[in-house]
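Report on the structure given below.
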Amino acid sequence: MKGQLQRIGISYAWEREIATCLPEYYRWNQWLFLKMLERDLAYRKRSNVNWCPSCNTVLANEQVVDGACWRCGTAVTTRELEQWVLRITHYADELLESAADLPGWPDKVLTMQRNWIGRSEGARVRFPLAEGSTGFDEVPPGSAIEVFTTRIDTIYGATFVLLAPEHPLVQVWSEAPGAEDFRRNMQRFQAQDRSGRMTGEIEKEGFDTGRTATNPFTNAPVPVWVANFVLGEYGTGAVMGVPAHDQRDFEFATKYHLPIVRVVSAAAADGKADDEMSEAWDGPGVLVASGEFTGLPAGDAMARMSEAAEARGIGERTVQYRLKDWGISRQRYWGTPIPVVYCDKCGMVPVPSDSLPVLLPKIAEFSGRGDSPLAQIPEFVNTTCPDCEGPARRETDTMDTFVDSSWYFFRFCDPKNAELPFEPDTVGYWGPVDFYSGGVEHAILHLIYSRFFARVFRDLGMTTISEPFTRLLTQGMVLKDGQVMSKSKGNVVDPDDMIQQFGADALRLYVMFVAPPEKEIEWTDAGLEGSWRFLSRVWRLVDQLSETIGGEGIPGPDGLDLNDAERAMRRKTHDTIRRVTADLDPRVHLNTAVSGLMELVNELYAFCGRTECLRIGQHPDASPVGTLERAGTIAVLKESVEALVRMISPFTPHMAEELWEMLGHKEGITAAGWPEFSDAVAKSEEIVVPVQINGKVRARITVAADTAEDRLRELALADAQVAKHLEGKTVKKVVVAAGRLVSIVVS
RNA sequence: GCCGGGGUGGCGGAACUGGCAGACGCUCGGGACUUAAAAUCCCGUGCCCGCGAGGGCGUCCGGGUUCGAUUCCCGGCCCCGGCACCA
């Protein structure tokens, strides 16, 4: 791969190369992990996790795509495991809010991140379990079901409570004597999870727990049900059922004949009578049947009711995120060993920083059993406790490889540092990354993890950088036969073949030219030859003109008396520099930059043809057929060709270097730098102004660019073509805008 | 369902701030050069009518604003991407 990158001619600072699988790098993953452990940003948690049965490993939520493993595409299942988790939610608010301060990022990515973080403002409210209700004995006195809601204003309409199948109370009740049916239903719902839920609609189902809770606002008893559509991992795993104002609850209540009580009147809003309900009303309205809050608009009620709940100690306002902490434990061999040991006496003990790195052993058995390959290497597992020096076992899971990529850009600034992940001053000098490009598929993976890690380093005092990437360009993927290229699909193309035939420069130029970089492209090399032709045209042009325009002592065109053709050529050159400069830098429209250069070359060929003393490229060995005598022509050609060569140098550096030398320059082209343009020249001289008559372009007049408006009006009316169209008609209006636009309205 | 981005020739795609729609490249056709071919150079290539000069239509559809709309506004259709029973 490295050889291929070099053959394609990618500019890369190889002296800063790092490999994240080497201890010189991953020891800093371990270092950072220990720092996060100290700050309670890393913790251990037993929970249901995404499990890929093919890779035999855990996956983070971000790594599950449409219910399948991001890496191999196998359907993901659920497992309960104890895992190391990084507390990304600590930064949820900051990650969300500062998304507004990333003007250099595409909206698409920012939106995806916002949705992924998923902030919801609402309230947690406790529904006490009704004393004396069935099953009350299994829970401590005073127990309550806490629900999360964004619509506390509808709480008077809460006629039942729904629990997720994974809710702890459901677990408790399923173990009660005689709860066989209960347990069976619960297990069935839990099994439904993932695949069923992801691949399509699953039927809303539930069962009555037989328990009763109390609506803390109405004080009415409400039944407690388990429902398969309530998510265990979001909010509190329990919701209040308000069938009148939530479509899901409405369907559920209809199916199981639970009471529907309307508490927000839509009458004012939708003009319908309140009793005609065929679906839930989640729109605006005024509260009805809501005790002391009746008559309030729903918005106001929300604030008042939250305050009331807080005052009475039955709930509080809260912010809920969809984002969850990042589980990083992986049961893979390739990954950073997690630097902790487990001691029978001392429990979990972090490996001291000064004994890092914990080396990944060289040999591993790949058992395919679903535990970490490291667990089978006794020399690795068995160690001594850093605290008591007694026998201890090492953690055998490794870190998600996304840990490696979450801060490597800082390491590039200081790749050889043996004392620290990087010297803060060095990253202070280089960072943040000015321009970052990658696939959009990283929008909620790498790009959110990196923003998280940058903040961790910042809070450790290592940097002052919050946002690691100032400008982000999400480049499109290159597809073949409508799919991402991959060896297993057999739809790859080999750049080496194309380099063999047309050269790396033509290939690179073509890739840049074929579409804007953000766009996904379907690969075809049909146009590759065209890029090669363009480079050949540039070569021939310079080759054949070098004798005439190369060398010292040729003055620039400033101050020379230029004829029309020379002025036009010069204008084109300056205008091209202006365009290409802008295309490369703020816009990164590489395709139009290349087309601008092609236009300039076309124009140069035409100009040479018009001077009738040069026959560029008619034969490979053609040379000037006459002697160029006009100083203006020579000067303009020199200026234009040199500008061209300087502008193609980013695209084809070696050829540009040679051409530059052919033009008689001793110093390299790098020293010559980027050509400058004169705005006055680029926009000077004559312009063609379309003349519209009743909205149709009927004529064009050629005028000096700085023609005054009233003069332009005069010229337009005086034009013969225009006069023809005005015959026998009355001119009602002549419009001149921006000093150059003419439109004539006639009756 | 929600959010984001789109819809322009045979194809990839241009069009900057509302001002010649289709730059540039590919494809295809023609010419020059050549004994011939390749290469190269030049010309043409949105659709329709016309021998021609020329004329008409044309940027998903329907309206609107404007002297003028691919561009701005309203409504609709379609496509792509992301999220999705998130309470």
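Below, chain A is the first sequence line, B the second, and so on; all start at residue 1.
With a 3.5 Å ceiling on both atom-pair distances, B/A23 lacks any Watson-Crick or G-U wobble partner. Of the nucleotides present, none pairs with B/U71 by Watson-Crick or G-U wobble criteria with both distances under 3.5 Å. For B/G46, the paired nucleotide is B/C57, the pair qualifying as Watson-Crick or G-U wobble because both relevant distances are below 3.5 Å. Using Watson-Crick or G-U wobble geometry with both donor-acceptor distances under 3.5 Å, B/G1 finds its partner in B/C83.
A sub-4.0 Å separation between OP1 or OP2 of B/C16 and a side-chain N or O of A/R578 is absent. The phosphate of B/A87 (OP1 or OP2) has a side-chain N or O of A/Y234 nearer than 4.0 angstrom. Contact between the side-chain N/O atoms of A/T524 and the OP1/OP2 oxygens of B/C26 is not found at any separation under 4.0 Å. Considering only side-chain N and O atoms, A/K519 lies under 4.0 angstrom from the phosphate OP1 or OP2 of B/G13.
Rounded to an integer number of Å, the gap from A/E529 CD to B/A39 C1' is 10 Å. Across the protein-nucleic acid pair, A/L323 atom CG and B/G82 atom P stand 19 Å apart, rounded to whole Å. Put simply, CD on A/E518 is 18 Å from P on B/G81, counting in whole angstrom units. One interatomic measurement links the two molecules: CG of A/D249 to C1' of B/C86, which rounds to 13 Å at whole-angstrom precision. Between A/M302 atom CE and B/A87 atom C1' the separation is 13 Å, expressed in whole Å. With rounding to whole Å, A/E121 atom CD is found 18 Å from B/C86 atom P. As a whole-Å value, the separation of A/L479 CG from B/C80 C1' is 12 Å. In this structure, A/W532 places its CH2 atom 12 Å from P of B/C26, rounding to the nearest Å.
With distances taken from any side-chain atom of A/K108 to the nucleotides B/G81, B/C42, B/G82, the minimum falls on B/G81. Comparing B/G82, B/C86, B/A87 against the side chain of A/R322 picks out B/C86 as the nearest. Considering only side-chain atoms of A/V514, the nucleotide from B/G12, B/G13, B/C42 that sits closest is B/G12. Taking only side-chain atoms of A/A526, from C-beta outward, the nucleotide of B/C26, B/A87, B/C3 with the closest atom is B/C26. Nearest to the side-chain atoms of A/Y605 among the listed nucleotides B/C42, B/C83, B/A87 stands B/C42. Here B/A15 is the nucleotide among B/G5, B/A15, B/A87 with the atom lying nearest to any side-chain atom of A/H589.
Base orientation for B/G9: syn, the chi torsion being within 90° of 0.
Remark on RNA chain B: of its neighbouring residues A/D246 and A/I521, the 5'-side contact belongs to A/I521, judged by nearest-heavy-atom nucleotide. Judged by closest nucleotide on RNA chain B, A/M112 is the one of A/G235 and A/M112 placed further toward the 5' end.
Rounded to whole Å, the P atom of B/G31 lies 44 Å from the corresponding atom of B/U17. Here, B/G46 and B/G9 have their P atoms 13 Å apart, quoted to the whole Å. Annotation: B/G55 and B/C43 have their C1' atoms spaced 24 Å apart (nearest Å). Here the separation of B/C48 from B/G62, taken at their C1' atoms, is 24 Å to the nearest Å. As rounded to the nearest Å, B/U27 and B/C41 have P atoms that lie 14 Å from one another. Distance noted for atom C1' between B/G7 and B/G22: 16 Å (whole Å). As rounded to the nearest Å, B/G56 and B/G6 have P atoms that lie 34 Å from one another. Between B/G68 and B/G58, the distance separating the two P atoms is 15 Å to the nearest Å.
Considering only residues two or more places apart in sequence or on other chains, A/K519 meets the salt bridge (Lys or Arg N to Asp or Glu O under 4.0 Å) condition with none of them. Partners of A/D153 according to the salt bridge (Lys or Arg N to Asp or Glu O under 4.0 Å) rule, which considers only residues two or more places apart in sequence or in another chain, are A/R151. Listed by chain and number, the residues in a salt bridge (Lys or Arg N to Asp or Glu O under 4.0 Å) with A/D93 are A/R119 (sequence neighbours excluded). Residues passing the side chain to side chain contact (heavy atoms under 4.5 Å, CB included) test with A/E316 are A/R124, A/R126, A/E146, A/E310, sequence neighbours excluded. Not a single salt bridge (Lys or Arg N to Asp or Glu O under 4.0 Å) links A/E518 to another residue, sequence neighbours left out.
For A/R248 and B/A87, a side-chain-to-base donor-acceptor distance below 3.5 Å is present, hydrogens and geometry of angles not being considered.
The residue A/P106 sits apart from the nucleic acid: no heavy atom pair falls under 4.0 Å.
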Protein and nucleotides 22-25 of chain B: nitrogen or oxygen contacts under 3.5 angstrom:
| from | atom 1 | to | atom 2 | distance (Å) |
| --- | --- | --- | --- | --- |
| B/A23 | O2' | A/E599 | OE2 | 2.8 |
| B/G25 | OP1 | A/N602 | ND2 | 3.4 |

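Between A/W225 and A/Y256, the ring-plane angle classifies as tilted under the 30° and 60° cut-offs. Aromatic ring pairs are classed by plane angle as parallel below 30°, tilted from 30° to 60° and perpendicular above 60°; the pair A/W523 and A/Y510 is perpendicular.
A salt bridge links A/E599 to A/K572: one of the charged nitrogens lies within less than 4.0 Å of a carboxylate oxygen. Between A/D575 and A/R578 there is a salt bridge, since a side-chain N of the basic residue sits under 4.0 Å from a carboxylate O of the acidic one.
For the pair A/Q475 (side chain) and A/G438 (backbone), a donor-acceptor distance under 3.5 Å is present.
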